[in-house]
Colleague: 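Please see the structure below; I have some questions.
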Amino acid sequence: MFSRREMLMGAAALSAILGSGLAGRWSRVAAQQSLSEQDLLAFEPLGNVTILHLTDIHAQLMPVYFREPSVNLGVGGVAGLPPHVSGADFLKLYGVEPGTPEAYAFTSEDFVSLARSYGKMGGLDRIATIVKQVRAERGEDVLLLDGGDTWQGSYTSLQTKGQDMVDAMNSLSPDAMTGHWEFTYGTEQVQELIDGLPFPFLGSNIFDAEWDEPAFEAYKMFEKGGARIAVIGQAFPYTPIANPRWMFPNWSFGIREEEVAKNVAAAREEGADIVVLLSHNGFDVDRALAARVEGIDVILTGHTHDAIPEPVIVGKTLLIASGSHGKFVTRLDLDVQDGALKGYRHKLIPVFSDVIKPDADMAKLIADIRAPYEAELSRELATTESLLYRRGNFNGTFDDLICQALLDVREADISLSPGFRWGTSVLPGQKITVEDVHNACSMTYPSAYRNTMTGQTLKDVLEDVADNLFNKDPYYQQGGDMVRVGGMGYAINPEGEMGSRISAMTLLKTGEPIEASKEYTVAGWASINEATEGPAIWDVVEEFLARNPVVTVEENQSVKVESRKI
């Protein structure tokens, strides 16, 4: 049961999505199932500063289908709080009618039908249209901030080592960025790309591993609308754990809460009227950080790919989550007066690619970037009869497909696929192209290993990942979702303690329990070990699709979630 206050909050959130002036006409708009660019971008300006925020684009230059998760569990004190609300519960919380454009953009409810009605979302040329319109309206008082995970996640970004996204984003002219997956191109390439940026790459929590001193600029001061805005950069704290440390051995990371506090104080001492944290910590980490570090006015959060239609307020700090894959652009107008934040107006703009016209200059640049690769990008590998998607705490059909490919091609008993949150969706009846496969697995350490593991080792792997995801202390969470498993079932209690969450491990082909001391042939990919050998995962998937030109992925029921209703 929802309280009147919650329903009013939902109505306010819906009004924010639609823009002032649309709330009274929404029933007609919903009934007509129509949208316009004017409606999407409508906004009543406020104050003297505008912030635009993008994050977790994952190298998607073009419009995409991207299904939001149907399961996004929180544990401890954040259980049931945004962003850990999904599907029908999300619609109820924010007062969104089923079947509407917002239901499609924000949830997995009736995704296939609504995707066919409303089309793809995102596209950097559509984002350019939004940015240019806001800049035309607000002049020099706009800050465009990139929250990272921008240069990785597509075929062209892999082929160009991130240069395609650098060129495209440079055309968009951000004022600053931070990062995470950017570092997986290796120290030399990353440093070369950063050195060539016409705007600062901020990383207050990245230190030189040998000298233990800052490796990047911590913050940048901007003057907008007569106010001084300090933007502090916070890269993903667990980059050397979640990704191969050997690719960037000279840099160390961490939350470094004390450094954040120190930089907030330094910025205030320098005369900052407001302080913005441009963060790739993940939402729950940033929620905890906001409660522990005073003096941050706004946290633009990223990494966990959450799209929330209104700010979450912790003390005096606004937490803003802007989704992923280019589906949304945040506009945040701030009224900064007398050295303090006096008011704000927020709108999370859904980028419906069939509604927002592409910017001609960006569209040409994207076409030029993609031209040398177009034939390979569009090469058809198979047809899917099932919706292929990735996001979800425990299962995703695209990863189920990858797991099956590993089992068959690598001749394994069990397969493992990492719980990455990046990767686009493919609708039933569509061709699976090379681009689709690379959107799910394009990365710099793609080797598909094949080795033996004991049952105990497999349990340890699952327990470790579960603790990264469900530790009740957000500072020990690393984002991501559970490792996907093929050929094996298990039960999980997310609220359990480390080492006791996983049970009932079963080898699916025999129905027998996994034995702790017994060895099993395991295939997987994306190992962080430097010496990993094996074919690239996209080659494994392509070989599987060549053998199976029509793909059907059955509902995965091999993971049982205990102790709580999902």
Side-chain angles (χ1 to χ4, degrees), residues 16 47 49-58 82-83 127 130-131 134 141-150 169 172-180 182 199-205 217-222 224 227 229-237 255 260 263-264 267 272-291 293 295-334 336 341 344-349 351 474 479:
V49 177
T50 294
I51 294 176
L52 297 177
H53 181 232
L54 294 164
T55 191
D56 297 283
I57 296 174
H58 281 289
I127 291 171
I130 296 170
V131 171
V134 175
D141 298 330
V142 178
L143 274 175
L144 173 60
L145 300 174
D146 174 5
D149 274 3
T150 304
M169 291 301 291
L172 207 58
S173 299
D175 292 284
M177 74 174 292
T178 191
H180 168 206
E182 284 76 7
F199 54 86
F201 186 100
L202 302 176
S204 66
N205 60 328
E217 191 174 2
Y219 69 89
K220 178 76 174 180
M221 192 76 73
F222 298 92
K224 301 288 180 181
I229 299 99
V231 178
I232 302 173
Q234 181 82 351
F236 180 51
I255 296 174
V260 176
N263 285 312
V264 170
D273 296 307
I274 63 169
V275 173
V276 175
L277 186 68
L278 179 61
S279 172
H280 207 86
N281 281 333
F283 194 93
D284 285 340
V285 176
D286 279 326
R287 178 168 19 214
L289 184 71
V293 176
I296 304 173
D297 296 284
V298 178
I299 298 181
L300 303 172
T301 187
H303 178 61
T304 41
H305 294 194
D306 307 301
I308 305 179
E310 62 181 21
V312 170
I313 302 174
V314 178
K316 297 181 179 180
T317 304
L318 304 177
L319 268 69
I320 308 294
S322 303
S324 67
H325 294 79
K327 283 182 64 176
F328 301 94
V329 176
T330 283
R331 175 172 176 174
L332 180 65
D333 278 19
L334 303 176
V336 185
L341 179 62
Y344 71 91
R345 184 166 291 142
H346 168 268
K347 182 175 183 179
L348 185 56
I349 303 169
V351 185

Colleague: Only distances under 3.5 Å count here; give the side-chain donor-acceptor pairs of residues 301-309 to other protein atoms, sequence neighbours excluded, each with its distance to 0.1 Å.
Modeller:
residue : atom : partner : partner atom : Å
Thr301  : OG1  : Asp286  : OD2          : 2.6
His303  : NE2  : Gln478  : O            : 3.0
Thr304  : OG1  : Phe283  : N            : 3.0
Thr304  : OG1  : Asp306  : OD2          : 2.6
His305  : ND1  : Arg421  : O            : 3.2
His305  : NE2  : Asp56   : OD1          : 3.3
His305  : NE2  : His58   : NE2          : 3.2

Colleague: Testing the basics here: between Val49 and Ala227, what is the closest heavy-atom pair and its distance to 0.1 Å?
Modeller: CG2-CB, 4.4 Å
Colleague: Is the closest side-chain heavy-atom distance between Pro83 and Arg287 below 4.5 Å?
Modeller: yes
Colleague: Taking Asn205 for its side chain and Ala235 for its backbone only, find out whether a donor-acceptor pair lies under 3.5 Å.
Modeller: yes
Colleague: Measuring from atom OG of Ser204 to atom OH of Tyr219, what distance do you get when rounded to the nearest 0.5 angstrom?
Modeller: 11.0 Å
Colleague: Can you give me the closest heavy-atom contact between Phe201 and Gly179, atom names plus distance?
Modeller: CZ-N, 3.7 Å
Colleague: Would you say Thr55 and Leu300 make side-chain contact, with heavy atoms under 4.5 Å?
Modeller: no
Colleague: Look at the side chain of Ser324 and the backbone N and O of Ile57, then say whether any donor-acceptor pair between them is shorter than 3.5 Å.
Modeller: no
Colleague: Please find the pair of heavy atoms, one from Ser279 and one from Asn281, that lie closest to each other, and give the distance.
Modeller: OG-N, 3.0 Å
Colleague: Begin from the C-alpha positions of His280 and Thr178 and carry the test side-chain hydrogen bond (donor to acceptor under 3.5 Å, both in side chains) through to its verdict.
Modeller: CA-CA 7 Å; His280 207 86; Thr178 191; over 6 Å; no
Colleague: Nearest 0.5 angstrom please: Asp141 CG to Asp333 CG, how far?
Modeller: 10.0 Å
Colleague: Does Glu182 reach the main-chain N or O of Thr150 with its side chain, forming a donor-acceptor pair under 3.5 Å?
Modeller: yes
Colleague: Do you know the tightest heavy-atom contact between Leu202 and Ala218?
Modeller: CB-O, 4.1 Å
Colleague: Do the side chains of Leu52 and Val142 get nearer than 4.5 Å, heavy atoms only?
Modeller: yes
Colleague: Go through the steps for Val298 and Leu332 under the test side chain to side chain contact (heavy atoms under 4.5 Å, CB included), then give the verdict.
Modeller: CA-CA 10 Å; Val298 178; Leu332 180 65; 3.9 Å; yes
Colleague: If you define the side chain from C-beta out and look only at heavy atoms, does anything of Leu54 sit under 4.5 Å from Leu172?
Modeller: yes
Colleague: Heavy atoms only: give me the nearest Ile320-Ser322 pair and the separation to one decimal.
Modeller: CG2-OG, 4.1 Å
Colleague: Nearest 0.5 Å, please: how far is CG in Leu334 from OH in Tyr344?
Modeller: 10.5 Å
Colleague: Roughly how far, to the nearest 0.5 Å, is the CZ atom of Phe236 from the CD1 atom of Ile255?
Modeller: 9.0 Å
Colleague: Where do Thr50 and Arg331 land on the side chain to side chain contact (heavy atoms under 4.5 Å, CB included) test, with the steps shown first?
Modeller: CA-CA 7 Å; Thr50 294; Arg331 175 172 176 174; 4.0 Å; yes
Colleague: Is the shortest side-chain heavy-atom distance between Thr317 and Asp297 below 4.5 Å?
Modeller: no
Colleague: Is there a side-chain contact between Leu277 and Leu289 (heavy atoms, below 4.5 Å)?
Modeller: yes
Colleague: Which residues pass the ring pair (Phe, Tyr, Trp, His ring centres under 6.0 Å) test with Phe328, sequence neighbours left out?
Modeller: Phe106
Colleague: To the closest 0.5 Å, what do you measure between CD1 (Ile232) and CD (Glu217)?
Modeller: 11.5 Å
Colleague: Are side-chain heavy atoms of Gln234 and Leu278 found at a separation under 4.5 Å?
Modeller: no
Colleague: Taking the side chain as every heavy atom from C-beta outward, state whether Thr330 and His346 have any atom pair closer than 4.5 Å.
Modeller: yes
Colleague: Work out which heavy atom in Ala321 is nearest to a heavy atom in Leu348; give both atom names and the distance.
Modeller: O-CD2, 3.9 Å
Colleague: Tell me, with the steps shown, if Leu145 and Asp175 meet side chain to side chain contact (heavy atoms under 4.5 Å, CB included).
Modeller: CA-CA 6 Å; Leu145 300 174; Asp175 292 284; 4.3 Å; yes
